[in-house]
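Worksheet for the structure shown next.
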Number of protein chains: 2
Amino acid sequence: MNPVSDPVSATTGAITGSTKVYRELPDGGRVPLRRVNLTNGEHLDLYDTSGPYTDPTAVIDLSAGLPGRPGVVADRGTQLQRARAGEVTAEMAFIAEREGVPAELVRAEVAAGRAVIPANHNHPESEPMIIGKAFGVKVNANIGNSAVTSSIAEEVEKMVWATRWGADTIMDLSTGSDIHATREWILRNSPVPVGTVPLYQALEKVNGDPTALTWETYRDTVIEQCEQGVDYMTVHAGVLLRYIPLTVNRVTGIVSRGGSIMAAWMLARHTESFLYTHFADLCEILARYDVTFSLGDGLRPGSIADANDEAQFAELRTLGELTKIAKGHGVQVMIEGPGHVPMQKIVENVRLEEELCEEAPFYTLGPLTTDIAPAYDHITSAIGAAIIAQAGTAMLCYVTPKEHLGLPDRKDVKDGVIAYRIAAHAADLAKGHPRAQQRDDALSKARFEFRWYDQFALSLDPDTAREFHDKTLPAAPAKTAHFCSMCGPKFCSMRISHDVRDAYEKGMAAKSQEFADHGNRIYLPLST
Amino acid sequence: MNPVSDPVSATTGAITGSTKVYRELPDGGRVPLRRVNLTNGEHLDLYDTSGPYTDPTAVIDLSAGLPGRPGVVADRGTQLQRARAGEVTAEMAFIAEREGVPAELVRAEVAAGRAVIPANHNHPESEPMIIGKAFGVKVNANIGNSAVTSSIAEEVEKMVWATRWGADTIMDLSTGSDIHATREWILRNSPVPVGTVPLYQALEKVNGDPTALTWETYRDTVIEQCEQGVDYMTVHAGVLLRYIPLTVNRVTGIVSRGGSIMAAWMLARHTESFLYTHFADLCEILARYDVTFSLGDGLRPGSIADANDEAQFAELRTLGELTKIAKGHGVQVMIEGPGHVPMQKIVENVRLEEELCEEAPFYTLGPLTTDIAPAYDHITSAIGAAIIAQAGTAMLCYVTPKEHLGLPDRKDVKDGVIAYRIAAHAADLAKGHPRAQQRDDALSKARFEFRWYDQFALSLDPDTAREFHDKTLPAAPAKTAHFCSMCGPKFCSMRISHDVRDAYEKGMAAKSQEFADHGNRIYLPLST
């Protein structure tokens, strides 16, 4: 890799209270798991996105990149094509083990286009994963520099940091300097699929002037990124010239960068978008590498006032048309969704997407359920994300506290990922995902039994949970105490609840004894 | 007030970007508003919970307490009784102005028991407010010390701090030392209604031994708190002896402090709860002061596994029975609700509560939509809170990041209040509350027009929004710049969107001209 001026390093080491384990596959692959080791001798294995960085036995050399997984096949078409042909690929077998589902389900969902496996043949460092509503809800974390701030070193660490806390994919949205080199560092070191918006780099190549873009510049950028190993690409091909007037009276116009760039290009030239007119050409390129389309919602609403309007749904209909074309070329497709949407209008988005886009996986940004909380939009949007995921969204694109205000730093990345893991897990529970509630039950059992260390270890963020507990009760004995500082010892409902249970059980035993004493003939009420 | 060892002080001063204004009422009362002053000369008036503390002209003397509002009537029964008699009370007129609704709606909802006005005759410092699903969704913030930590000074500041950020009521849940004195300081200085759980103080009086509690100790404590001015009281009168066995096989037993205390009392004595057997006596006491019942959910689920179980719903049926009794005595009633509930089981709680409790206002704790995120339960529960409020919950009890881990500090209180203001506002939007979207629209318009100061001022937390923006672009010119560090100048969709709008409008003008040039006869497409 190109050397960089700042030293590049990344957070490594096991997640507190967990160890890294692997389940071996017949083909030599191994599926990583986060094993939470409990103080009562039990353990719980969790889905693990963090890659070798949380394996203390792994040798990490960022300048060399992660080792590639064995047996990547580059000359047999896309996962979609192979699924249709009835083949269970190595990636599908890996995913089946990872999700705890039959491999045939994985194949069938991919074949139907209801799930995608973003796995560019040129990104062997990535551990296979699936995006589809039959599987666990996934979370994407956007990283990347802008012209104003950040460096390659920071972005590599953000990637590792995001996957440590549970990001299933990463999008590198860099728009500043060194776009190619930044992406190279991220791709070679990323254990998860990486997405991009090629239009950003193309625009950099024409010095930021949208009207100077050409199909050829764009096409060459796409090929460059396919060669490099990008797993999925956002393409705003649904923004058509005739939809622009629909945005003119909006409160916040066009808020998608890609959408606004293409609108500017079309208006300047009074011609249809090259992304739309060359869509079949794009399909041919992406099919060669098995890069997945993420059809962008360039006209997504940027405010509550603009939600579910004609511009948004007109574009969605076009995305449905493009979905058919892409699938006709054997290219995998997912569909991006809003944005800012009030709660009562969220489910309609899923219903329409499924109807118009043949149930292609929906991949939504939030949505934010109100506009009034900049600095807290990880929360405004986690509400919408949970609701839309329950309704069927397959992957949630996180929003960080810095949304609308600035480029997220490392702390923002973690806050965004945790908020979205919460939303995704809440949706998994609501959908009755077979493994989801195991973790809640294990944590609640630990909580009720005052196994504080286990409660921390089972949580989404063991370090912060423990830190908060330590703020008022830092001493080691408090880690087994039958109370915390919230209620103090006398008012601990859980402690009293144990007494109640004991008293009740003793009462039952006494009742049985009384019954026996009376020759098992007469029932005497307990409260004599 | 009793002097305290630590100096007591509170945060004062206007909220950044806003001024305090009042709307005068015919009876001499004045309704406070937060006026957001925009840089384009416009302003937006917002509902304001913060009391005189945000009015720079107010003289604050914490040891003397806030001035009482004029004309509090102490001898004419409860708001419920007066509403039934057709009277629009001074409190109702105040609330009508505050909520922007007809006074008759306020009276009718109170008369029907679908809304409550918690306003003890002995708490004239409080500004009248209403809790009911026909009005804006309200937020309660729990404060109070425990045996392990905190002081009176800290709790008074937490109260002021919570109302500054939007808490509509406060519950003082102190269980440590100086319970009476702490509550006195809070009551005399609180601009919002104050709730308590009298059982906590009663238990302190018997040195923390639940089995030593008596009706007489409890009754005297209730009278003491009524005299002091407490506006609403949580009473766990629905926890009956026969329901205890229903909790024995739960994952987390009984997690309500009050519920577990009463269960321990009943099991030790094998008799029915004195809260239940003396409920009519309680009604007579509360009616004298117009203290509102908050019928506690002592058997609420404390984990996803226990949600919507027989114990929970058995208690809810009893709360329905008690609601009728309380209303028969002219006492106002609201009903407390869960707890931990997965998303798909939330709406059922509202439906059942409305059916069983004659649509008495529902007042819910969250609910938390998953158990796996200690340190982030303000988020797990904001998701549930937004959903349950959309379904009809009238007031949301906040959950802070410290839930399950320790006593919240001042920062936690703010984080909890902001998360819950988000949930409440998202629900107001979803319910089509007439004034809710004005704020979203004003903020989004400011955002689209790059009026950064206005965007901050209109947000729930102007200080943090600005601080986040300043982290990457601290210079003053950035406050009018047509971009931020998130995308940088070239990729700002909003900037490009303005260009698109201008280009489109120029295009339209050109088209009109062409049309005119051709004698208004032929339509020429723009893209010739």
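Residue numbering restarts at 1 for every chain, and letters A, B, ... go by the order of the sequence lines.
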Closest heavy-atom pair and its distance - [X], [Y]:
| X | Y | value |
| --- | --- | --- |
| B:H378 | A:I379 | CD2-CD1, 4.1 Å |
| A:S444 | B:G302 | OG-O, 4.5 Å |
| A:I304 | B:Q437 | CG2-CD, 3.8 Å |
| A:Q455 | B:L405 | OE1-CD2, 4.2 Å |
| A:T472 | B:G406 | OG1-CA, 4.2 Å |

Quick check on the interface: out of [options], who has the most heavy-atom pairs with chain B under 4.5 Å?
| options | result |
| --- | --- |
| A:A305, A:C492, A:P342 | A:A305 |
| A:L443, A:N249, A:I422 | A:I422 |
| A:L458, A:L429, A:I387 | A:L429 |
| A:T369, A:V248, A:L368 | A:V248 |

Ignoring hydrogens and geometry, is there a side-chain-to-backbone donor-acceptor pair from B:R257 to A:S493 under 3.5 Å? no
Is a side-chain donor or acceptor of A:D440 paired with a backbone partner of B:D371 at a separation under 3.5 angstrom?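 Yes, the answer is positive, given that a donor and an acceptor are paired below the 3.5 Å cut-off.
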When heavy-atom pairs shorter than 4.5 Å are enumerated against chain A, which of [options] gives the highest number?
| options | value |
| --- | --- |
| B:A430, B:A263, B:A423 | B:A430 |
| B:D409, B:D461, B:D470, B:D499 | B:D461 |
| B:D415, B:D412, B:T370 | B:T370 |
| B:R439, B:M494, B:K445, B:E467 | B:R439 |
| B:A426, B:A373, B:P374, B:S303 | B:P374 |
| B:A503, B:A436, B:A386, B:G259 | B:A386 |

Dump the intermediate steps for side chain to side chain contact (heavy atoms under 4.5 Å, CB included) on B:K402 and A:H469, then the final yes or no. CA-CA 8 Å; B:K402 286 275 174 61; A:H469 181 266; over 6 Å; no
Under 4.5 Å heavy-atom distance to chain B, tell me which part of [X] shows up: side chain, backbone, both or neither.
| X | result |
| --- | --- |
| A:I383 | both |
| A:L173 | neither |
| A:F456 | side chain |
| A:P401 | both |
| A:T464 | both |
| A:I418 | side chain |
| A:E505 | side chain |
| A:A427 | both |
| A:P245 | both |
| A:N207 | backbone |
| A:H498 | neither |

Yes or no on side chain to side chain contact (heavy atoms under 4.5 Å, CB included) for B:R421 and A:I372, after CA distance, side-chain angles and deciding distance? CA-CA 10 Å; B:R421 283 259 60 103; A:I372 68 166; over 6 Å; no
Show your working on side chain to side chain contact (heavy atoms under 4.5 Å, CB included) between A:I496 and B:I254 and close with a plain yes or no. CA-CA 8 Å; A:I496 301 172; B:I254 301 175; over 6 Å; no
Flag the pair B:L460 / A:Y376 as yes when at least one side-chain heavy-atom distance between them is below 4.5 Å, and no otherwise.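 B:L460 does not reach A:Y376 side chain to side chain.
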Minimum side-chain heavy-atom gap A:V500-B:I244 below 4.5 Å: yes
From A:F468 CZ over to B:L407 CG, what is the distance, rounded to the nearest 0.5 angstrom? 13.5 Å
So how far is it from A:R447 CZ to B:T252 OG1, rounded to the nearest 0.5 Å? 8.5 Å
B:I346 portion near chain A, given a 4.5 angstrom heavy-atom threshold: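 The answer is neither part of B:I346.
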Verdict with supporting geometry, A:F448 and B:V251, side chain to side chain contact (heavy atoms under 4.5 Å, CB included): CA-CA 7 Å; A:F448 192 62; B:V251 169; 5.7 Å; no
